[in-house]
Amino acid sequence: MNNKNFILQQLKWISIYFAISIVISFIIPFPYSIIVIIPVVLFLSFYIRRKEMRKFGGVENFSMFNSNKVNYYCMVCGTKHDNLMCPKCGSKMKRIG
Ligand SMILES: [Zn+2]
């Protein structure tokens, strides 16, 4: 997700909050509407953050997985490689090192 998308996402949620606030203030008269709007918005932002965290957490896990990538060494000649077959001797036997 790039920055522009992130901003658009934020704007989308802000307009949703805004719409919810307007709808609630139509249904409920002013001082009480605030009492209803605040927990609703808090709940929504909590819910969204959790959803977003899960998404970002997933991405983070993925990059961590990539950076901590295990190295494979050929069991025959000891060459470090990522391929299915050893580029040096063609052996498919690998060990994790
Ligand atoms: Zn080899």
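Counting starts at 1 for both ligands and their atoms, following the listed order. Every heavy atom of this structure was used, including side-chain atoms; hydrogens, water molecules and symmetry mates were not.
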Side-chain atoms of residues 24-32: list all donor-acceptor pairs with protein atoms under 3.5 Å, sequence neighbours left out, distances to 0.1 Å.
residue: Ser25; atom: OG; partner: Ser21; partner atom: O; Å: 2.9
residue: Ser25; atom: OG; partner: Ile22; partner atom: O; Å: 2.9

With a cut-off of 3.5 Å and sequence neighbours excluded, list every side-chain donor-acceptor pair involving residues 34-41.
none

Side chains of residues 83-97: which donor-acceptor pairs under 3.5 Å do they make with residues two or more places apart or in other chains?
residue: Ser91; atom: OG; partner: Met93; partner atom: N; Å: 3.1
residue: Lys94; atom: NZ; partner: Asn83; partner atom: O; Å: 2.9

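Protein nitrogen, oxygen and sulfur atoms, that is N, O or S, within less than 2.8 Å of the Zn ion (ligand 1) amount to 4.
Ring geometry for Tyr47 versus Phe43: interplanar angle under 30°, hence parallel rather than tilted (30 to 60°).
For the pair Trp13 and Ser45, the minimum side-chain heavy-atom distance is 4.5 Å or more.
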